[in-house]
Amino acid sequence: MSIQVITRPRYFCWPLLALLWLCIVFPATAQRSKKATPIPDTIHMAVIDSATIRKNISKLAQDTSKLKKSDTAVAVIINRIEGYTLLLNQLMSSLRRGFDTVSITREIPLVDTSLALIKQNIAGQDRTPNINDIYTNKVMLEQLQRKLSGWQNNLFSNYNALVAINDTLHSLRRDTSMRSIPAEDELYGFYIGQLTRLINKYRVVDSANKVSLVKMGLLQNRIANRYIDVSNLLEDSNYQLEQFSANMFSRDYRYIWAPHRDSINPLEFFPVVERSLHKSTRVLTIFFSIQWPIFIVWILLASLFAWWIYANVRRIRRNHPEQEAEAILQHAQYVYRHPVASTVIFVTTLSSVFSVRYPILYTEIIWGLTMFALTYLFRSHFPRVLYRYWLMLMALLFVYCVNNLLIEVTYAEQWGLLICAVLCIMLGFRLLKETSLTTFAHPKYTAPTIKLFIATAAVSLLLVIFARVGSAKIFGSSAVVNTVMAMNLYVLVKIVLEAVFIQVEANKNSSTFISFMDYQDVQRKLKTFLTVLAFVGWLIIIARNLYLYDAIYEEITDILSASHHIGNSDFTFSSVIIFVLVIWVAFVASQLIAYMFGNTGQSTSPAQKPRFGSTLLLLRLAVLAGGVLLAFAASGIPMDKLTIVIGALSVGIGFGLQNIVNNLVSGIILAFEKPIEVGDVIELGTRSGVVKEIGIRSSKISAYDGSTVVVPNADLISQQLINWTMTNRVRRVNFMLGVGYGSDVAQVTDIIKSAFPGQEGILTTPEPIVQLSQFGDNAVNFQVYFWISDLGNAGTLQSKVLTFIYDALNKAGIELPFPQRDLHIRSVDEAVLNKWKVNKEAESGPSGDKPAENGEKKL
């Protein structure tokens, strides 16, 4: 069945309403005069052709007591007829297309089958209450209720559209503007013919609309009856869950040493497994049909994560030499070596944490994918003994997953729970011993987790011995799943840290040692945050496995949502927690944005600026501002309170926060105007260096002596600042060179110019310039100018040029003079003069010869 409608604005129908009143509303009876001949009713005829309708309209038009002729303009008549025709055509087209109810009709049998299956299971709950079966019924009923509710909303919308069409048709019948007909003979025949066609269209539209209303009402009734059944069954399931929680530790089965034969209705293990799988598959089918957009979201998330890793790895290999890139990537042992397994773990673990209301079969499928990926990772990282124990743990997990699907308790299942509990205890003690002896680096909280595993398995063992089979199943499954998920969450934290690490390294060009230091810094900033989130997720998994999540959630919700009063203000703990949490997350995110895009504060290539530069400052400001606004909105704090806070801040600005606000506004100006960016070489007063960071209040400059200068942003705006690299890194270098008088000026010029060709980093355009600048006291001075491509090499290139010139001038015999002065002694102490004479004679010897070759001059 397919019925659709498109409603149109009412103003199209006013002319048509006037026209149809003539043929629809006006009673097709004779004049009330006893002598008059009655006129047939053209509207209520069961079957009538166009010729008859035309004839009746013509007779009706002759009744001057009800109708009158009018000198209606031709344009008005044509517009009226066109408007009515268009409206009826649109209504009929909408009804022919129909409403999309085919999918609802097709899926009703699936709902009926599911309801019959649930009713059968609920009827069989009198044997031994099974919490997994009850919870599966509840999840299935919640999915059915959500689907039926969506169908009801769709049908109500369709029904309202049909009612709107019906109202439009009735408004045509009540229109009184059609009492005037055209007086012109040329228009009269045209008017009557068009009116005849409109009446036919009206009858067809009215009939189709009535049929659609009946069908829609019947379908609504079918859906409503099933919705009532689902609601009743859901109430029964909730009652069963309450009863199970109240009698959780009561005996629910025979003792394990008692005879297992049930004289009334014996249960065999394999038929129970078959029925359980059939029901779980049916539940999963319904779940997929309702929640299929969720799976598309998870697939897209996995694709984005894999693309992110691949793109960053490729960028690292492109920006670094092969050996250095490999050394950097080795720090990401999971993400780099096993990207597919890491992606699977990332997506499936998040799905496991957030899948609170998912069917048990779907959850176990997600567990299976996660365990396969973890096993693949641990195969190359675990020692052989630990890997063997891990495989044993996987085998126990598989057994408990199958056991969780069983909808009824059997004697074989009771023995299986007993054996699995014993194996868990033995495996736990072996793991404790092995982790205390091995040198393998295991997580910090491994021992407490294993002890919890042993304790939970021991509780399961005691429960199964004392015939508490339902509770034993819960604790045994929880023991294995909680231990495995703890390891899973630990690996997830490492995967996220490694993904952030390669993101940092992909956006900068630094050495391997600096890469390692950056990784340590990222770990320090993120590890605590991610560990807290992982721990909370682990607690959620534990509560769900013990079927305590709903009770704990309701209790915590009641505590957090309770209203408290301080003065005239009302607040809840949830609003306070949300406010603080959002502000904290926004602050942490703003601090980590620079690391995510490679601005780690470490030295980068001097010729390469960061790609984002001051944009990161704007992004950090946007994150902080958005975090504050989101915190107010999410916590439910009225925005007028924010206005009060801003007013208080304005008063504080007037009394002592001028400098802080000045620096803050200056930082925003720096971000938009961009006179400097991260990586620029600047001079500010007597200080010079490279811009390391442009912060919200202050900026950091890395000076050439190794120090870091913190400069308020207001100083960068208000003072004169030299930016050597605002447009490029080209710089002019100049120095003065003096040669002795009498030197050949042309020869000296040629020697100096010959020092530049072939020097890498010295530009040929503009070409070097050598000018005779002045005649000094002792030398003829030349001024030399040349340009270099990178100002970072200015000192090295100038040294090379001067060395070349010095060697060339010495070979040419051109003197590089040094200052000479004449010393005039006006008076000397007599004792000093006599001493000098004695020393002179001693150096000359008795014969007055020259001193020996090794003689030392003495003063």
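FYI, the numbering just counts along the sequence from 1.
- For Arg337, the CZ atom is densely surrounded, since the number of other residues' heavy atoms within 6.0 Å is greater than 12.
- Within the 3.5 Å criterion, the main-chain N or O of Phe346 finds no donor-acceptor partner in the side chain of Thr349.
- Residues Leu716 and Val711 form a side-chain contact, since some pair of their non-hydrogen atoms from C-beta on lies under 4.5 Å apart.
- The side chain to side chain donor-acceptor pair (under 3.5 Å) search around Gln783 returns none, not counting sequence neighbours.
- Between Gln747 and Ala812, the shortest heavy-atom distance links the atoms NE2-CB, 3.6 Å.
- Taking CH2 of Trp308 as the reference point, atom OG1 of Thr343 lies at 11.0 Å (rounded to 0.5 Å).
- Heavy-atom contacts from other residues, nucleotides or ligands closer than 6.0 Å to CD of Gln774 number more than 12.
- Every residue meeting the side-chain contact (heavy atoms from CB on, under 4.5 Å) condition with Asp807, not counting sequence neighbours, appears here in chain and number order: Thr803.
- Residue Glu683 holds its CD atom at 9.0 Å from CG of Leu721, rounded to the nearest 0.5 Å.
- Between Gln333 and Ser380 the shortest side-chain heavy-atom distance does not fall below 4.5 Å.
- Within the 4.5 Å cutoff, the side chain of Asp790 has heavy atoms near those of the Asn793 side chain.
- Between Gly740 and Pro817 the shortest heavy-atom distance is N-CD, 3.3 Å.
- Taking every heavy atom of both residues into account, Glu498 and His331 meet most closely at OE2-O, 4.0 Å.
- Between Ile328 and His320 there is a side-chain heavy-atom pair separated by less than 4.5 Å.
- Partners of Tyr334 under the side chain to side chain donor-acceptor pair (under 3.5 Å) rule, at least two apart in sequence or in another chain, do not exist in this structure.
- Atom CZ of Phe372 is surrounded by 12 or fewer heavy atoms from other residues, nucleotides or ligands within 6.0 Å.
- A donor-acceptor pair under 3.5 Å links the side-chain atoms of Ser342 to the main chain of His338, judged by distance alone.
- For Gln719, the CD atom counts as densely surrounded, since its 6.0 Å shell holds more than 12 non-hydrogen atoms of other residues, nucleotides or ligands.
- Side-chain atoms of Asn488 and Thr370 form no donor-acceptor pair, as typed in the model, at a separation below 3.5 Å.
- For the 3.5 Å distance criterion, the side chains of Asn781 and Ser773 fail to qualify, holding no donor opposite an acceptor.
- To the nearest 0.5 Å, the span separating CD1 on Ile769 from OG1 on Thr749 amounts to 13.0 Å.
- Every pair tested for ring pair (Phe, Tyr, Trp, His ring centres under 6.0 Å) that includes a residue from residues 722-751 fails, sequence neighbours excluded, so the list is empty.
- Using a 4.5 Å heavy-atom cutoff, the side chains of Trp787 and Thr764 are not in contact.
- At a threshold of 4.5 Å between non-hydrogen side-chain atoms, the residues Val347 and Phe305 do not count as touching.
- What you find for Phe804 and Ile751 is that their closest heavy atoms are CE2-O, 4.2 Å.
- Lys700 is linked by a salt bridge (charged side-chain N to carboxylate O under 4.0 Å, His left out) to Glu693, counting only residues two or more places apart in sequence or in another chain.
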Problem - Derivation and outcome, side-chain contact (heavy atoms from CB on, under 4.5 Å), residues Val493 and Leu489 - result: CA-CA 6 Å; Val493 171; Leu489 290 170; 5.7 Å; no
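- We find the NZ-CG distance between Lys753 and Asp750 to be 7.5 Å, quoted to the nearest 0.5 Å.
- Enclosure of atom OH in Tyr785 by more than 12 non-hydrogen atoms of other residues, nucleotides or ligands within 6.0 angstrom is indicated.
- Residues passing the side chain to side chain donor-acceptor pair (under 3.5 Å) test with Ser799, sequence neighbours excluded: none.
- Using modelled atom types, one finds a donor on one side chain and an acceptor on the other under 3.5 Å when comparing Thr725 with Asp680.
- Between the side chains of Glu326 and Tyr336, at least one donor N or O sits under 3.5 Å from an acceptor N or O.
- Of all heavy-atom pairs spanning Ile345 and Val491, the tightest one is CD1-CG1, 4.3 Å.
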Exercise for the section: Kindly determine whether Phe786 and Ile788 satisfy side-chain contact (heavy atoms from CB on, under 4.5 Å), including the steps that lead there. Expected result: CA-CA 7 Å; Phe786 65 94; Ile788 59 176; 3.7 Å; yes
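- Taking CG from Leu763 and CZ from Phe756, the interatomic distance works out to 12.0 Å, rounded to the nearest 0.5 Å.
- A donor-acceptor pair under 3.5 Å links the side-chain atoms of Asn723 to the main chain of Pro675, judged by distance alone.
- In plain terms, the two heavy atoms of Ala506 and Asn319 that are nearest each other are O-ND2, 3.6 Å.
- Atom CG of Leu816 and atom CG of Asn778 lie 12.5 Å apart (nearest 0.5 Å).
- Here the side chains of Ile682 and Ile722 are not in contact, with every heavy-atom distance at 4.5 Å or above.
- Of the listed residues (Ile752, Ile762, Leu737, Val733), just one forms a side chain to side chain contact (heavy atoms under 4.5 Å, CB included) with Val801, and that residue is Ile762.
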Exercise for the section: Could you check Lys800 against Gln759 for side-chain contact (heavy atoms from CB on, under 4.5 Å), going step by step and ending with a plain yes or no? Expected result: CA-CA 9 Å; Lys800 290 182 179 180; Gln759 293 285 358; 3.9 Å; yes
Handout entry: Stepwise side-chain contact (heavy atoms from CB on, under 4.5 Å) test for Val681 and Arg729
Key = CA-CA 9 Å; Val681 179; Arg729 297 184 64 84; 4.1 Å; yes
